[in-house]
Amino acid sequence: MRAYVYAIKREGCWEANLTIAPRVDYIYWFAEGWDVASGERGWFWTEPLPLGQACRVVECWRNVEAADKEALNKLALIIADMKANASGLKSGRERGRKMSLNHKEHDGEKVKFSSGPGKAGRRRARLRLRSSDEIDAGAGARAQLWLPAAALAGSDGVAADVQGGAASGERCGVASDVQGGTASGERYGVAVDVQGGTASGERCGVAGDVQGGALSAARQAELAATAKLAAALLQGRALLSAEARDLLAGATLPGAEASWSEAFQLASLLGLVRLSGAIAPAAGGRSKELRCRRCGSGEAQLRRTACLACGASCAYCEACIGMGRSKECELLIRGRYVSAVWDGGGAKPAHRKAPPFFPGSIDERLAKWSLSPAQHAAAAKALHFVEAQPPNNPSRRIRDRNAELPRSASKRLRGAVPRSPSGTVTLKGGASNDLTGAGSRLWRPSWLRSALRNPQSSQSGSPSIPDRFKNALTAIMGLDGQAAMRRQMPERSCKFPESEPKQIRSFLLWAVTGAGKTEMIFPLIDSVLKRGGQALIASPRRDVVIELDPRIRKAFPEASVVTLYGGSEQKWERGQITLSTTHQLLRFCEAFDLVIIDEIDAFPYANDPLLHYAADNACLPNAPRLLLSATPPRKLQLAAKRGQLEHARVPVRYHLNPLPVPSLQRSPAMTQILATGKLPPSLRNALKQSLERGAQIFIFVDRIDHTDKLANLLKQRLGSSLIAATSSKDPQRAQKVQDFRSRAYRILVTTTILERGVTIPKSDVFVMDADGRLFDEASLVQMAGRAGRSALDPAGSVYFFARERNSEQIRALKHIRSMNRMAFKQGFLEGKPADGKRRP
């Protein structure tokens with residue numbers, strides 16, 4: 001994709017911007033179409049640049065201070081440097097390094113640019129440019145002067161002075177000499193003609209003839225409505241241009257897809273969305289190292305290839321390529337979510353908008369959820385955390401955030417998160433521009449058409465918006481003629497700012513398997529929904545997300561629920577409650593008032609900085625985030641014990657019975673069992689006992705190729721056909737799990753894909769090769785947790801079969817026994833703990 005750059009003077013200062021729809025920018029700054037027109041003059045670079053280069057030009061301008069006569073010169077100098085960086089390096093390794101402009105050497109003679117530091121040290125190269133006069137002439141051939149329409153029409157005394165028929169170009173910002181009654185604009189390529197003392201603005205882009213012609217008043221009104229619709233649809237999202245176009249086109253807006261670039265550009269100027277390259281330097285930072293702004297990956301995950309879209313060597317991100325190709329010339333569009341719960345965010349700390357008022361105490365509010373005593377205590381503590389004002393202690397929040405990551409992941413992620421967009425929008429006259437306000441009218445396509453035919457009328461349309469878009473479009477402001485549209489436009493000062501890295505306010509809910517973590521989060525979600533907020537429940541496992549869907553819908557029948565995973569039919573919908581796999585969070589940006597991450601120790605979320613970044617980025621700054629796990633990482637456990645991380649522990653299941661303690665059994669390795677075709681007597685006897693008592697059996701193995709072989713062997717030795725096998729490579733996995741739930745199978749041989757999120761009322765667990773490398777303490781505890789989950793069968797059996805006992809098995813036993821002792825000490829269990837030890 002290609003974009004244009006321009007330098008504009010407003011409030012006495014020059015700034016640089018990029019645009020994908022130049023005429024929208026010109027009308028916004030210099031015409032009266034949207035009642036802004038705050039630009040004094042500008043230089044528009046008529047040559048389109050690859051989007052990545054355009055982003056760097058704008059970023060490099062941040063440190064430039066230019067006078068009127070130097071603005072075009074310095075813009076041309078930066079663009080020349082960007083082009084040299086793109087073509088001057090030979091090796092692929094050098095091309096992949098960051099290029100930064102040293103603005104201290106803006107002397108018109110040479111520009112020094114440097115590659116980023118590598119293992120071999122910092123490499124530098126020098127590029128000698130032509131003289132200043134040659135730069136002027138070359139730049140002028142590609143530049144266009146932008147002036148307000150009134151300046152060249154002779155209004156307000158801004159038009160050119162007439163001295164013997166000569167127009168003084170200085171008044172027009174041309175800074176040209178007057179020779180023989182004609183303004184010489186050749187040095188800047190403006191070619192200002194003088195006709196009767198008036199400068200012709202055709203080459204200056206005044207008549208709206210900027211890359212596509214002028215926009216009529218009706219077209220401007222339609223474009224404004226489209227921009228606000230796009231902003232509403234994109235609230236809290238971070239989408240590539242193709243994804244955003246699909247989202248906008250699906251809203252059934254007439255002509256929306258054809259004008260998507262103009263709509264997004266106008267929304268960007270209004271501060272409702274932010275446009276940037278998907279691969280670009282971190283905005284506002286000192287480093288010019290390229291990063292993927294969608295997943296936060298640095299140059300270690302970037303690769304370069306020849307790109308047909310921009311015609312240059314283009315960087316793309318390998319880390320998040322499964323979610324669509326994020327590349328240097330690809331547009332990333334991030335929408336701003338207006339929270340009803342939290343103020344601030346981004347560059348300043350978030351604060352609760354108003355203290356929540358709920359009738360009754362916390363105990364009375366929790367009573368309707370029928371929680372057990374242990375669940376009640378943990379939910380009350382978590383609810384207080386969710387509703388509390390964030391403490392003003394950023395250093396502690398940073399420590400808490402780093403404590404959530406493994407050491408390797410934390411090192412790679414610290415300081416690597418790009419600035420996230422946030423900000424506030426203020427309207428002229430103090431009006432509100434809250435796109436989620438209850439007082440707004442619903443936008444309808446037929447109403448827009450009638451409003452355009454008669455701008456002074458305000459009519460309500462009869463056709464309704466498709467159901468999948470009602471949640472996102474509940475409150476789009478209506479148009480009441482051109483004047484009303486102008487009053488609703490925000491000030492330019494509300495431009496979407498870049499912020500400092502957000503602080504993370506986390507709470508750990510450490511609950512044993514089968515404790516009812518899902519029921520404990522219901523009061524938290526209810527609190528956010530009653531205040532008008534939006535909640536997210538994310539899990540690394542697709543199976544867990546699918547199983548949560550009916551439970552959440554049953555608990556909150558009046559709330560809109562959206563479920564997102566690979567192949568989901570609700571891909572572009574937005575609801576009050578969002579269920580999502582952690583990979584889908586890459587398409588969100590500061591979008592939720594409450595983020596709940598389930599199974600934080602599960603693959604692939606554990607030890608993956610990309611998914612940690614996605615979870616951080618989806619949460620509003622300082623909004624609460626809950627981490628749920630029965631086996632949290634050791635670093636999190638240590639942070640909780642030291643008081644560095646707020647937490648609540650639930651050591652007992654909802655039915656107040658102790659956890660089944662595994663029985664360690666010796667047996668040959670699975671490869672030997674399959675090779676000989678003989679089941680060990682201990683295994684055969686334990687299986688028969690479970691079948692005789694009517695239990696269903698999980699048999700976990702650590703290799704996919706063992707599943708079918710063991711299932712066939714069991715069918716022969718046990719004489720039963722109600723045995724199945726499944727794994728991550730089984731295309732019928734979902735159906736087999738469903739059949740197992742309905743007792744169509746008595747035994748299911750599987751891998752760790754079913755160690756979490758699957759509940760069978762009456763079940764026993766067998767873990768084969770429990771000393772294998774794949775089975776650590778967390779996975780062994782999770783697999784053991786499949787037994788005894790029902791109040792009708794709380795004492796299920798768990799067996800670990802292995803050649804020898806290793807440290808992971810011992811730690812898993814200690815973990816389960818310690819939870820039983822803690823539950824007994826806190827008075828949740830009656831009698832002795834399940835391990836038969838003495839009372840503590």
Side-chain angles (χ1 to χ4, degrees), residues 371-375 378 510-520 544 547 551 599 628-631 649-665 683 685-700 737 740-741 743 745-750 752 754-768 770 775 777-801 809 811-837:
L371 302 176
S372 70
Q375 290 175 317
W510 185 355
V512 298
T513 57
K517 293 188 291 292
T518 304
E519 287 72 16
M520 282 184 271
V544 176
E547 184 178 0
R551 300 174 65 184
E599 306 292 357
L628 310 183
S629 180
T631 53
R649 295 184 69 174
V650 183
V652 65
R653 288 174 167 170
Y654 72 95
H655 49 62
L656 302 181
N657 285 283
L659 301 173
V661 178
S663 172
L664 303 185
Q665 302 288 332
L683 173 61
N685 294 335
L687 288 172
K688 289 183 177 180
Q689 290 177 6
S690 295
L691 292 174
E692 288 175 357
R693 78 179 194 90
Q696 293 178 262
I697 301 173
F698 288 94
I699 300 182
F700 292 96
V737 172
F740 188 57
R741 294 178 189 272
R743 297 185 65 87
Y745 298 118
R746 294 291 304 279
I747 298 177
L748 184 62
V749 183
T750 183
T752 54
L754 296 184
E755 71 177 20
R756 305 167 188 264
V758 179
T759 299
I760 303 297
K762 190 174 185 179
S763 61
D764 292 341
V765 173
F766 291 70
V767 181
M768 309 304 300
F775 297 148
E777 174 191 349
S779 62
L780 290 172
V781 172
Q782 290 287 349
M783 288 184 288
R786 298 310 98 198
R789 299 173 69 92
S790 173
L792 300 177
D793 185 48
S797 300
V798 181
Y799 301 92
F800 290 168
F801 287 89
Q809 296 177 64
R811 280 199 289 264
L813 261 66
K814 288 183 178 179
H815 182 113
I816 295 172
R817 286 171 175 166
S818 66
M819 285 295 185
N820 285 339
R821 287 195 294 270
M822 181 183 297
F824 177 78
K825 183 180 297 186
Q826 295 179 1
F828 295 128
L829 298 178
E830 296 181 359
K832 293 183 178 181
D835 55 11
K837 301 291 183 180

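All heavy atoms count here, side chains included; hydrogens, waters and symmetry mates do not.
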Parallel, tilted or perpendicular: ring planes of F801 versus F766, cut at 30 and 60 degrees: parallel
Between R649 and V512 (side chain of the first, backbone of the second, donor and acceptor by atom type, cut-off under 3.5 Å), is there such a pair? no
Quick one: are [X] and [Y] in side-chain contact, heavy atoms under 4.5 Å?
X    : Y    : value
Y799 : P662 : no
Q826 : P651 : yes
M783 : L780 : yes
I697 : I699 : yes

[X] to [Y] - nearest heavy-atom pair and separation:
X    : Y    : answer
Q696 : Y745 : NE2-O, 3.2 Å
P660 : I816 : O-CG2, 3.8 Å
K517 : L628 : CD-CB, 4.2 Å
D793 : S763 : OD2-N, 3.8 Å

Checking [Y] against [X]: is there a side-chain donor and acceptor pair closer than 3.5 Å?
X    : Y    : value
S663 : Q665 : yes
Q375 : S372 : yes
T759 : R741 : no

So, are E519 and R551 salt-bridged, with charged N and O less than 4.0 Å apart?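 Yes, E519 and R551 are salt-bridged.
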Hey, are D764 and R693 close enough for a salt bridge, meaning a charged N less than 4.0 Å from a carboxylate O? yes
Evaluate the criterion ring pair (Phe, Tyr, Trp, His ring centres under 6.0 Å) for residue pair F700 and F775; output intermediate values, then yes/no. CA-CA 10 Å; F700 292 96; F775 297 148; 7.7 Å; no
